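Side chains are part of it too, since the values below use all heavy atoms of this structure and drop only hydrogens, waters and symmetry mates. Not measured: the values here are computed from a predicted model.
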Amino acid sequence: MTEDAPRPETPEDDSSPLESSPLTRDRLAKYRRVMDAGGFPYSFRRTDTASDLIERFPDLEPGASSGETVTVAGRLMNTREMGKLIFAVVSDLSGKIQLFVDKRTLGDEAFDAFRDLDAGDWIGATGEVIVTKRGELSVRISAFELLQKSLRPLPDKWHGLKDVEQRSRRRYLDLLANEDARTVALTRAKIVSELRRQFEDRGYVEVETPVLLAQATGATAKPFETRHSALDMDMYLRIATELYLKRLVVGGIERVFEIGRIFRNEGIDATHNPEFTMLESYEAFADFNDIMTLVEEVVVACAVVATGGSEITYDGRGVNLAGPYKRATMLELTRGAVGEDVDYDTPVHELRALVLRHGIEPEDHWGSGKLIDALFDALVEETLWEPIFVTEHPIETSPLARRHRDKPHVTERFELFIAGAEYANAFSELNDPFDQQARFEDQAAASAAGDEEAHPIDEDYIRALEYGLPPTGGLGIGVDRLVMLLTDKHHIREVILFPTMRRQKRDDS
RNA sequence: GGGCCUGUAGCUCCAAUGGCAGAGCAGCGGACUUUUAAUCCGAAGCGUGUGGGUUCGAGUCCCACCGGGCCCA
């Protein structure tokens, strides 16, 4: 802002919904009084947060005064009035601290002004640190300042805000009313920070690859479509970062990662949001075995910052995240579940019959790999509780993964499953341009045969491979899912601050 | 896309069979100098997501629409 914009008028007529509601009318009147008297402050200096005080004064006896004066600031959450005495709770990001407001210390005029405050107001207050007779660390205030008025009433002080829709749509209310919501948001930040540190410490370089693309490649998903006006061109939001990150390895960035938003134009449910966060990493000269070790270390490190240890509770059950994790091939797990000695050589018609018997409707273009994958999906996934690396996915369903060095039909790939859900997907990267070309062509054929999940061909990516991708181990981690696991949340909207929601009709109340 | 459930005061929730729409908290007025969801006294506040319909009478039954939830595809 370089110009003086005209100051917007506080609404003064009865058409304002704040004016017409008895719940907000008084607050609005107080707001105007402050504005008429010169307005609210532009800044405020505090000396301590709530948790600072708790750390600094651990040993004060009930009834004691510290002799130290501090200044705190936060949102006024609750007041308990006792005649010439008020106990007030102020909440800041670090926690809560009680203000001890007595008329003798504060003076008659300021005391009455304090009584005029409303729950939700932002205030700053200065006073001596004391402990009340009942043992509550408090600030006996000698002065306070209203930093900004809250014009609307707070959610229930005891029950908080429970309505799932409101909690998601108006996350600010969720955060200010529900301590758990703040904890989850902060824990997510810690986890993302730890992920970044883990990869940086291993010499990985963080990059940003394009979100807006002429072609959405690198995964099987329906993309969001948009349009670039100046280029007069249809564009797509990325569905993965994979092919761009591997181009960077071709370019010589041997260890590279990105933590980025991915967009998939698909349904919304407990584990899917149209935009979500994925970490992808690629490491030259590593194979999928190396990446397993990396994943074990990274998962434990995240668990430690989130929960303090590697033994966590999810959905009421214990999970031990300490490695090394069990390993089993997709084929052997599927065999165990169906109780038959299936293989990738098993005739397709037999596998189709087996799949049908388990209530899955196979599509015409499915080969043995996809059929076994479908059986695994339906029968095995949700039974996997303790961490396990499921390995050796079929070539058919892994068009970007390198063929297994010893076994036909399968790739050097693994997925990490914990508590019935997938958290990581990794492989020795396919770096043979001819094989990659053939895989893309298979995908194109599948697409022509009606497979809506087939990968599109990325010609330039083939060209990049022709310049040489070194042997590389790649990894994808679903960050939202990982946060869910480590915060014991069972819906993705609980770990995404502003989950995608249907447009709500305008609500002026 | 299909099925089931759901929307009542600012928030959290009650309201048999259709029969005068309620409570707690918050807010408002009052008492109280050590409270912790403070307590006590008092007076208020919603016509039930929206629009239709059935009925003497609809929060409750029916239809459509707008949101939300769960399950399935």
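- Between the side chain of A/S142 and the main chain of A/T126, a donor-acceptor pair closer than 3.5 Å is present.
- Across all strands, A/R493 comes closer than 4.0 Å only to sugar-phosphate atoms, never to a base (heavy-atom distances).
- A distance-only check finds a donor-acceptor pair linking the side chain of A/E386 to the backbone of A/N320 [under 3.5 Å].
- Nucleotides B/G3 and B/C63 have their P atoms positioned 12 Å apart, rounded to a whole Å.
- Taking the C1' atom of each, B/G69 and B/U33 are spaced 49 Å apart, rounded to whole Å.
- A salt bridge links A/E415 to A/R413: at least one charged side-chain nitrogen sits closer than 4.0 Å to a carboxylate oxygen.
- Glycosidic torsion of B/A31 falls outside 90° of 0, placing the base in anti.
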For nucleotides 5-15 of chain B, 5' to 3', base contacts (B), sugar-phosphate-only contacts (S) and non-contacts (-) with protein non-hydrogen atoms under 4.0 Å give -----BBSS--
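- Using modelled atom types, no side-chain atom of A/N178 and backbone atom of A/D180 make a donor-acceptor pair closer than 3.5 Å.
- For B/A23 and B/U36, the C1' atoms lie 24 Å apart once the distance is rounded to whole Å.
- Atoms CG (A/D26) and C1' (B/G27) sit 8 Å apart, rounded to a whole Å.
- Taking atom C1' on both B/U50 and B/G45, the two are 23 Å apart, rounded to the nearest angstrom.
- A/D156 and A/K162 are not joined by a salt bridge, as no carboxylate oxygen comes within less than 4.0 angstrom of a charged side-chain nitrogen.
- Spacing between B/A9 and B/C4 at atom C1', rounded to whole Å, works out to 29 Å.
- Figure legend: A/R317 and A/W385 shown as a cation-pi pair, the cationic atom lying under 6.0 angstrom from the six-membered ring centre and within 45 degrees of its axis.
- Nucleotides B/C71 and B/A15 are separated by 29 Å at their C1' atoms, to the nearest Å.
- Distances shorter than 4.0 Å separate none of the side-chain N or O atoms of A/R502 from OP1 or OP2 on B/C66.
- Taking for each of A/A88 and A/A270 the nucleotide of RNA chain B with the nearest heavy atom, the 5'-most of the two is the partner of A/A88.
- Distance CD (A/E382) to P (B/C71): 12 Å, rounded to an integer number of Å.
- A/I97 places its CD1 atom 17 Å from the P atom of B/U36, with the value rounded to the nearest Å.
- Remark: the backbone N or O of A/T500 is paired with a side-chain donor or acceptor of A/N273 at under 3.5 angstrom.
- No engagement by A/R25 is indicated, since no non-hydrogen atom pair under 4.0 Å with the nucleic acid exists.
- Side-chain contact between A/L85 and A/V101 is absent, with no heavy-atom pair separated by less than 4.5 Å.
- We find that CD of A/E494 is positioned 11 Å from P of B/G69, with the value rounded to whole Å.
- Under a cut-off of 6.0 angstrom, the local environment of CD in A/E382 is sparse, with at most 12 non-hydrogen atoms contributed by other residues, nucleotides or ligands.
- Note: CD (A/E81) to P (B/A31) measures 10 Å, nearest angstrom.
- Remark: of the listed residues A/I312, A/T487, A/T187, A/T313, A/I312 is the sole one forming a side-chain contact (heavy atoms from CB on, under 4.5 Å) with A/T307.
- Within 4.0 Å of A/H491, counting heavy atoms only, lie sugar-phosphate atoms of the nucleic acid but no base atom.
- Within the nucleic acid shown, A/R27 has no heavy atom closer than 4.0 Å to any nucleic acid atom.
- Of the candidates B/G68, B/U34, B/A37, the closest approach to any side-chain atom of A/W158 belongs to B/A37.
- The A/R169 side chain lies nearest to B/G67 when the options are B/C32, B/G69, B/G67.
- Rounded to a whole Å, the CD atom of A/E266 is 15 Å from the C1' atom of B/G1.
- Comparing B/C20 with B/G57, their P atoms sit 15 Å apart, to the nearest whole Å.
- Pairs of Watson-Crick or G-U wobble type, with distances under 3.5 Å, assemble into runs of 3 or more in RNA chain B at these ranges: B:1-7 with B:66-72, B:10-13 with B:22-25, B:28-31 with B:39-42, B:49-53 with B:61-65.
- The phosphate of B/A26 (OP1 or OP2) has no side-chain N or O of A/N78 nearer than 4.0 angstrom.
- For A/R33, the salt bridge (charged side-chain N to carboxylate O under 4.0 Å, His left out) criterion is met by A/D116, not counting sequence neighbours.
- Using a distance-only test at 3.5 Å, with no hydrogens or angles considered, a donor-acceptor pair links the side chain of A/T411 to the main chain of A/H393.
- One atom, CE of A/M501, and another, C1' of B/C66, lie 13 Å apart when rounded to the nearest Å.
- A/E361 comes within 4.0 angstrom of no nucleic acid atom, judged by non-hydrogen atoms across all strands.
- Per the geometry, CZ belonging to A/F87 stands 13 Å off P belonging to B/A37, to the nearest Å.
- In terms of polar N and O atoms assigned as donor or acceptor, the side chain of A/R80 never comes within less than 3.5 Å of the base of B/U39 in a complementary pairing.
- If A/V164 and A/I130 are placed on RNA chain B by their nearest nucleotide, the residue sitting closer to the 5' end is A/I130.
- Using atom C1' as the reference point in both B/G52 and B/G68, the two lie 23 Å apart (nearest Å).
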